[in-house]
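By convention in this document, chain letters (A, B, ...) are assigned in the order of the sequence lines, proteins followed by strands, and residues within each chain are numbered from 1. Quick caveat, the model's predicted, so the values are computed rather than measured.
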Number of protein chains: 2
Amino acid sequence: MADTTETEPMDMMPEPLRARERAERIHADIRSRICMLDYPPGMKLSETALAAELGISRTPIRRVLARLEDEGLVTSVHGVGTMVTNVDYSEMSQVYRLRKELVLLQTVLDPVHPDATFLQRFRALYARSEALKAAPSARDFSLLDQDTFLTLLDLTANAPLRTMAERLYFRTARIWLQQVTGSQIDLMQEIDIYARELQDLLGALELGDLDAVGHIRRGHISMSFARMRV
Amino acid sequence: MADTTETEPMDMMPEPLRARERAERIHADIRSRICMLDYPPGMKLSETALAAELGISRTPIRRVLARLEDEGLVTSVHGVGTMVTNVDYSEMSQVYRLRKELVLLQTVLDPVHPDATFLQRFRALYARSEALKAAPSARDFSLLDQDTFLTLLDLTANAPLRTMAERLYFRTARIWLQQVTGSQIDLMQEIDIYARELQDLLGALELGDLDAVGHIRRGHISMSFARMRV
DNA sequence: CCCTCAACTGATGTATACAACATTAGGCGA
DNA sequence: TCGCCTAATGTTGTATACATCAGTTGAGGG
């Protein structure tokens with residue numbers, strides 16, 4: 001006994017999924033860069049370059065890119081390359097119509113009523129939206145919207161619904177940023193509207209009225225898409 | 001000119017996606033075998049064995065298995081193997097609840113009104129259900145249900161909704177077959193009910209009443225899950 | 001007889017060389 | 001000068017050897 005082996009003593013949850021966790025991080029990282037337009041539509045994502053950047057081989061990269069292709073964020077063509085997909089209006093319109101319906105289901109199917117911790121988290125999000133008024137930033141706005149979405153996702157315990165809502169969100173996350181950088185919508189106005197929306201949601205959450213939360217979000221999603229000129 | 005090269009003359013759509021098409025077929029094939037219980041829950045799917053069986057290497061097999069894992073049909077563990085997932089009741093319950101809602105959306109979001117060709121296809125499905133009464137077969141029943149689902153999927157043009165509905169369907173396609181092979185539900189009774197359901201749907205389709213189609217299907221899905229004793 | 005441990009086996013995960021493919025630049029001839 | 005053909009280049013897709021990991025089995029010692 002008393003060996004000097006490097007293994008953990010016992011049941012320490014020694015992360016038996018190192019590889020998988022790494023793949024998950026890479027996936028979320030590339031997805032974030034695409035949604036933040038660091039990788040703009042049409043950009044070629046070279047497997048070799050990504051592998052070199054991350055210090056690994058092409059094999060795990062290819063797995064991540066295949067998943068991103070399944071999610072509709074990139075498209076690979078043999079002999080040509082892997083390119084970030086363009087945002088097609090009619091396609092985005094379909095996704096938005098579906099998201100409007102799914103957001104209602106998120107407060108109907110296996111709803112999780114918000115506790116004090118949740119309300120605390122949401123108030124922090126609202127504070128960030130108010131802070132954005134003083135220091136407007138399209139990028140910070142997008143990050144706030146992403147965090148808000150992920151937070152509100154905890155209101156449902158329906159696993160497949162969570163998965164699908166998340167996929168659809170990241171499918172459309174780019175277009176708002178694309179619009180505001182093209183000056184087709186006004187950043188300050190969007191921030192003001194967003195802060196008010198979070199205030200609305202906070203009121204409904206404090207009342208524990210999840211049905212109201214769903215319908216308020218539905219309206220926000222609908223108007224957000226309507227404000228875009230595509 | 002008049003070269004004897006093997007290339008097609010021009011714009012003949014020379015299938016530039018041979019590899020992709022093959023992967024698609026393999027994916028649908030393995031998925032079918034899992035849903036038909038040819039690969040029962042818990043069975044180990046060896047990458048090496050599958051590769052040898054198909055006469056290719058592990059690489060494209062791994063891509064297919066990764067997608068199947070993302071769809072929740074298999075699960076891979078490093079050093080152990082790739083196993084067909086079990087059907088968990090609470091999980092299936094969540095999927096069924098979501099499917100009940102999505103089936104309504106399928107006739108509301110971007111509905112496609114059935115034409116004569118569609119009605120013809122659906123009448124053929126109904127004929128198959130009547131034929132099953134004379135020659136009951138759980139496997140043929142499952143195949144009919146699968147074809148019916150895919151046919152009715154054409155009633156919506158919303159691409160992301162189609163994708164998600166399909167994923168959820170194949171997620172739950174196994175449990176009926178599992179129940180009927182375990183004699184926990186009566187095959188003849190199920191066939192009778194199914195034939196009547198198709199008749200109901202045919203009536204609504206002939207009237208062009210898509211709203212009725214959605215609600216009829218919702219009821220059928222709900223009752224189908226209720227009849228199961230899990 | 002039982003417990004321990006170490007080697008063995010077979011599985012998935014990774015790295016790398018090669019094949020298939022599409023694009024592009026440049027040379028060659030009409 | 002124009003057009004076509006060819007070679008070169010860079011990409012994704014595939015095959016394969018190797019690394020890593022988990023379960024198993026069996027020998028050895030108490």
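- Between B:Met43 atom CE and C:dA11 atom P there is a gap of 12 Å when expressed in whole angstrom units.
- Under the rule for a ring-ring contact (aromatic ring centres under 6.0 Å, His included), A:Phe170 has no partner lying at least two apart in sequence or in another chain.
- Within 6.0 Å of CZ on B:Arg121 lie more than 12 heavy atoms contributed by other residues, nucleotides or ligands.
- A:Phe122 pairs by the ring-ring contact (aromatic ring centres under 6.0 Å, His included) definition with nothing, not counting sequence neighbours.
- Look at CD1 on B:Ile56: it is 15 Å from C1' on C:dA19, rounded to the nearest Å.
- Remark: P of D:dT14 and CD of B:Glu21 are 13 Å apart, rounded to the nearest angstrom.
- Side-chain contact of B:Arg217 with B:Thr148: a donor-acceptor pair under 3.5 Å is absent, judged by distance alone.
- Residue A:Ser57 places at least one side-chain N or O closer than 4.0 Å to OP1 or OP2 of C:dA15.
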Between protein and nucleotides 8-13 of chain D, map the contacts as a letter string: B base, S sugar-phosphate only, - none, heavy atoms under 4.0 Å, written 5' to 3'. --BBBB

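- For the residue pair B:Thr107/B:Arg218, the side-chain donor-acceptor check at 3.5 Å is not satisfied.
- Under 3.5 Å, the side chains of A:Thr59 and A:Arg63 contain no donor-acceptor pair of N or O atoms.
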